[in-house]
Every structure is written in C-alpha cells, then in structure tokens.
Novice: 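Below: one structure in structure tokens.
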There are 2 protein chains.
Amino acid sequence: MSSARYKICSMVTKESKQRGRPRSFDRATALEKAILAFWENGYEATSVADLTRVMGIGAPSLYSAFGDKQSLFEEVVREYGVRYGSFTDRALEEEPTARAAVERILREAAVEYTDPAHPHGCLVIHAATNCTSREVEESLRARRNAWITVFESRIRTDIAAGELPADTDAPALARHTGVIIQGMSQQARDGATRQELEAVADLAMAIWPRPARTDAPHHA
Amino acid sequence: MSSARYKICSMVTKESKQRGRPRSFDRATALEKAILAFWENGYEATSVADLTRVMGIGAPSLYSAFGDKQSLFEEVVREYGVRYGSFTDRALEEEPTARAAVERILREAAVEYTDPAHPHGCLVIHAATNCTSREVEESLRARRNAWITVFESRIRTDIAAGELPADTDAPALARHTGVIIQGMSQQARDGATRQELEAVADLAMAIWPRPARTDAPHHA
DNA sequence: TGATTTTTGTATCGACCGCTAGGAAATGCG
DNA sequence: CGCATTTCCTAGCGGTCGATACAAAAATCA
C-alpha cells in the first residue's frame, strides 16, 4: 500500500534519487517475462512461484513492485496490448476502409499469432478462460466484446459513407470478424502455421460485399 | 485397482446381483453432473470438491467409481461427445455434400452453443485450455485437429466427385471451417446469442465455391 | 559515522489441492 | 445368524496455492 503510493509519487515527481536500498532488477524486463509466462500458460496455470522464477526475483519483491497476482496480470494485459496487440488499432486508424482494416488485421494476426519469438495465439483470447476468478475472466471477455463493437461502428461508418452497401449487416459482419480472429488464435495455439492462417484469412475476406458506389476514392 | 477390475468383470458378465453394499447413486446421473461442471468451468478450475458437491457423492465414491480426476475427465469427454457433440458426425454422415454438412454443422452449432439448458460453447474447445496437465490439454487439442482432418477429407471426396471445383483449396476450406466453429464457441461463451451466431454461420458459408458440374444430383 | 528508508532473502502462514487410509454401514451367501 | 464383500463417511495425508512477517542488506541523509 504505502510502497505503491511512494512509487506513484516518485513517478510523478521524477525523483532521480530514492532514499532506501535500490531495486536490484529492471521492472520493465521483469514485466516482460511475466507477459510471456501468462501468455504461454494463462492466468491460473501460472503460479506465483512460476512468476518469481521466470522474473528472477523473490516473492516479496514481486508483491512490492506489482501488488498481488491479479494486479500484476492487469498490468501484463495492458502492456501486452501496447506491445503485441496494437496492430488492430493501427490498422483501424491507418486503413481507409473497414474492409481494408479487417483484411490487414487478419493477415497480421496470422503472422503475430504464429511468431516463434513468443507464445502463439492472443493473450486476451486465451489467458483467462476457465478462470476461478470471475473478475479476471470477465475483464478479458469485456476486451474481446469491445473489439466487436469497434468493428461494428467502423463498418457502420463505411456504410454511411457509401463505402459498403446500405443493406450490409454490420453486426453480423463485425461478429464474423471476431469469430475469425478468435478461431485463428486457437488454431495457432493448436499448431496451425502462418501460411495456413493466411489462407484462412484470405478465404474469410471473400464474404465482404463490394462497395456500393464506384467513385469511392480508395478504389480507383 | 481391484475394485475397477471387479467393475469391468461385472459389466462383462452382466451379473445382476452384486455381493456387497449397493451403490447409493446412479453412476450415469453423477457422470452427467460432472459433464456440466467440467463444461462450465474447465478441467483445472473444477476441483474434486466441486465435483463431489455437484455429483452428490463423497470423494472415495468418486474415486472408486471413476478413478482419479483425469480418468473421470476422459470419460466426461467421451460421454460429452456422444450426448452433445455427435451432431457433427451425424451431419457428415447424413448430408450428401461437404458443403451441406458444414452448413448444417454451423447452424446446429449456433443452436447447441447457446442452449440455455447447459453451459455455452463446446467442452472440447474450452475445457482444457491453459492446463497444467499437458496430457489433458493435448488430448482435447488432438480432438480439435482431428475435426480439421475429417473436414478436409470430406471436402476432397466432393472435389473428386465433381461436387466442388478441382482447384478448391481443401486444407484452407477445412481449416476455415474449424476456425468458424471454434470462434463461434468462444463467442457463445462471451454472450453471443443464437441469432447472432446463425448470422455468422450464414455469412461464413458464402465462401464456399459453387459446384463444378451442374448435373450434381443434389442440386436439382 | 549513525539514523532513516527501502529492498532483499528466508521462512513461513492458512487455505485449498488431489487423493486415500480406516472403520462403519449395507447388502448377498451359507 | 455369522461371514464375505462392496460401498459409504470421516478424517486427514503430503503438496502447492497466493500472500506475508521478519530481519539482514544496501542505499541516502544528517
């Protein structure tokens, strides 16, 4: 409690000199190790003993620096989103149409979810299924459902702009996108290769309707 | 050990009269309760104490009748396949084409996965993710991957019969089907309704190629 | 240097995990 | 009725879970 308050204070005021014994480990590095552990094995199957081992610190150091296991996991999820899950946000921001954004998301997911440099699949999709802690399970569920909502609103924008036919079923198309992403993630965990998932992504994009108007600026 | 051997003997020889104290619970009913518990919470998150509570029996009775937790789970998975997962096999047997079979599977999955009479989603897909026991995790993974193989061979059969174009990408189409099923299952767990999943199923079927020949008997 | 502050390692804590020993209870057999 | 057999209930096993008390260690401040 008090240590956390001090930490926030030091972060805000940017004191370069602390009073007591300096920390013997790099917090960001330890957090990254925790990300990989939770990503690989999920929230419950990763014990505090597992965490202290892979993070290279003792249990008291872990609790002092990150709070309890659940708050560490919450920070892991946030940092995972920044380091590994931001490709969806980037695609939605940078691509001109919902279709182009989803196509890019699916193709990048095929690469990300099978990257040998880290555990396969998506942490948000898999790390808190079958969880004794309903709170943790629900927090990731909320993130997944938020995806669907974002997809749907992006599709609606394109419908309004004439980029998609007026009779496009936005909720169904958005949910279909979520289904593909989550299914691809599990397939990646089950051993599917990048090429296999890319083929699925290509197939899945075939359901997207053609643009309603031919003068759309991005389809010259 | 010895009790298990006796049990097999009695099952084989169909002795109607046992020597000792009769069992005070119905084994099939207790197994059904275990199915629901594992289905709802997964393998690891369902403790033996949870099982004894919902099955209404003591721990020694559980171990005597079903062996240890893992062997109970294996029996649960088998029985689940018979009672709740056989709609895929039926569709593959009864429908004349791969396309018709998959369409039926997806539509029935939308109903099954959201049935309020039991936990949502598919036990095989969710009950052993993030599992400390690699053996249990791997056994369900093998079942999931077996689906893909079955789909692929069924699609190849249709290609050979001219029911699907010769250039149909059977592996991709099979994997896409698996992705849809597994994604639908997670969406069901995340709260998607039957109607929403049916809309996704309809959308997903749009990628299937038209038959290569027009004299196919089932497309009159 | 001595006082203060923070982190560190050790050594646990109570709770729960899967699992089982041991004896009482309930049946068929003689 | 004994007697053998099987199941049931109580209690508890060793182990691991998440989390912490405590004091030595390592830094700054006066």
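By convention in this document, chain letters (A, B, ...) are assigned in the order of the sequence lines, proteins followed by strands, and residues within each chain are numbered from 1.
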Novice: By side chain to side chain donor-acceptor pair (under 3.5 Å), which residues pair with A:R53, not counting sequence neighbours?
Specialist: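 In terms of side chain to side chain donor-acceptor pair (under 3.5 Å), with neighbours along the sequence ignored, A:R53 is linked to A:D50.
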
Novice: Figure out the CD1/P separation between B:I57 and C:dA25, and round it to whole Å.
Specialist: 21 Å

Novice: Applying side chain to side chain donor-acceptor pair (under 3.5 Å), can you list everything that pairs with B:E79, at least two apart in sequence or on another chain?
Specialist: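 Scan of B:E79 (side chain to side chain donor-acceptor pair (under 3.5 Å), adjacent residues dropped) gives none.
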
Novice: Output the rounded distance in Å from CZ (A:F25) to P (D:dA26).
Specialist: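 About 17 Å, once rounded to whole Å.
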
Novice: Taking the minimum atom-to-atom distance to the side chain of B:R23, which one of C:dA26, D:dC8, D:dC17 wins?
Specialist: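 Selected nucleotide (nearest to the side chain): D:dC8.
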
Novice: Once side chain to side chain contact (heavy atoms under 4.5 Å, CB included) is applied, do any residues pair with A:A192, and if so which ones, sequence neighbours excluded?
Specialist: A:Q187, A:E196, A:L197, B:R175

Novice: Rounded off to whole Å, could you give me the CZ-to-P distance for the B:F66 and C:dT20 pair?
Specialist: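 After rounding, the gap between these two atoms is 16 Å.
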
Novice: Whole angstrom is fine here: how far is it from CG in A:D50 over to P in D:dC17?
Specialist: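 Rounding to the nearest Å, CG of A:D50 and P of D:dC17 are 7 Å apart.
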
Novice: Which residues in residues 71-78 of chain B have a heavy atom closer than 4.0 Å to any atom of DNA chain D?
Specialist: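 Going residue by residue through residues 71-78 of chain B, none turns out to have a heavy atom under 4.0 Å of DNA chain D.
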
Novice: According to ring pair (Phe, Tyr, Trp, His ring centres under 6.0 Å), who are the partners of A:F151, at least two apart in sequence or on a separate chain?
Specialist: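 Residues passing ring pair (Phe, Tyr, Trp, His ring centres under 6.0 Å) with A:F151: none at all.
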
Novice: So if I define the base as every atom that isn't primed, P, OP1 or OP2, how would nucleotides 19-25 of chain D read as a B/S/- string at a heavy-atom cutoff under 4.0 Å?
Specialist: BBB---B

Novice: Should the pair A:E152-A:R156 be classified as a salt bridge under the 4.0 Å nitrogen-to-oxygen rule?
Specialist: yes

Novice: Check side chain to side chain contact (heavy atoms under 4.5 Å, CB included) between A:T132 and all other residues, then give those that pass, not counting sequence neighbours.
Specialist: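 Partners of A:T132 by the side chain to side chain contact (heavy atoms under 4.5 Å, CB included) criterion, ordered by chain and then number, come out as A:E44, B:A45.
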
Novice: Scan residues 28-44 of chain B against DNA chain C and write down, sorted by residue number, each residue with any heavy atom closer than 4.0 Å; if none is found, say none.
Specialist: none

Novice: Taking B:S185 for its side chain and B:I181 for its backbone only, find out whether a donor-acceptor pair lies under 3.5 Å.
Specialist: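 The answer is no, because no donor-acceptor pair under 3.5 Å joins these two groups.
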
Novice: Could one point to a donor on the side chain of A:R19 or the base of C:dT6 with an acceptor on the other under 3.5 Å away?
Specialist: no

Novice: To the nearest Å, give me how far apart CE (B:M55) and C1' (D:dC9) are.
Specialist: 17 Å

Novice: What I want to find out is whether B:E75 reaches B:R27 closely enough, with some N-O distance under 4.0 Å, to be called a salt bridge.
Specialist: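 Yes.
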
Novice: For A:R194, check salt bridge (Lys or Arg N to Asp or Glu O under 4.0 Å) against everything at least two apart and list the hits.
Specialist: A:E198

Novice: Who passes salt bridge (Lys or Arg N to Asp or Glu O under 4.0 Å) against B:R141, sequence neighbours left out?
Specialist: A:D190, B:E137, B:E138

Novice: How many Å lie between CZ on B:R27 and P on D:dC8, as a whole number?
Specialist: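 Value for this atom pair: 12 Å.
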
Novice: Both B:G20 and B:T46 contact DNA chain C. Which one's nearest nucleotide lies toward the 5' end?
Specialist: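 Result of the comparison: B:T46.
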
Novice: Return no unless some side-chain N or O of A:S24 is found under 4.0 Å from OP1 or OP2 of C:dT8.
Specialist: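 It does, given that an N or O in the side chain of A:S24 lies less than 4.0 Å from OP1 or OP2 of C:dT8.
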
Novice: Could you work out, with salt bridge (Lys or Arg N to Asp or Glu O under 4.0 Å) as the rule, every residue matching A:E112, not counting sequence neighbours?
Specialist: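 A:E112 satisfies salt bridge (Lys or Arg N to Asp or Glu O under 4.0 Å) with no other residue.
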
Novice: Starting at atom CG of B:L51, determine the distance to atom P of C:dC16, rounded to an integer number of angstrom.
Specialist: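 Between P of C:dC16 and CG of B:L51: 17 Å.
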
Novice: Start at the 5' end of DNA chain D and walk down; is the nucleotide closest to A:S47 or to A:P22 reached first?
Specialist: A:S47

Novice: Could you pull out all residues at least two apart from A:E135 that satisfy salt bridge (Lys or Arg N to Asp or Glu O under 4.0 Å)?
Specialist: none

Novice: State whether B:S61 places a side-chain N or O below 4.0 Å from either non-bridging phosphate oxygen (OP1 or OP2) of D:dC8.
Specialist: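 For D:dC8, OP1/OP2 do have a side-chain N/O of B:S61 under 4.0 Å.
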
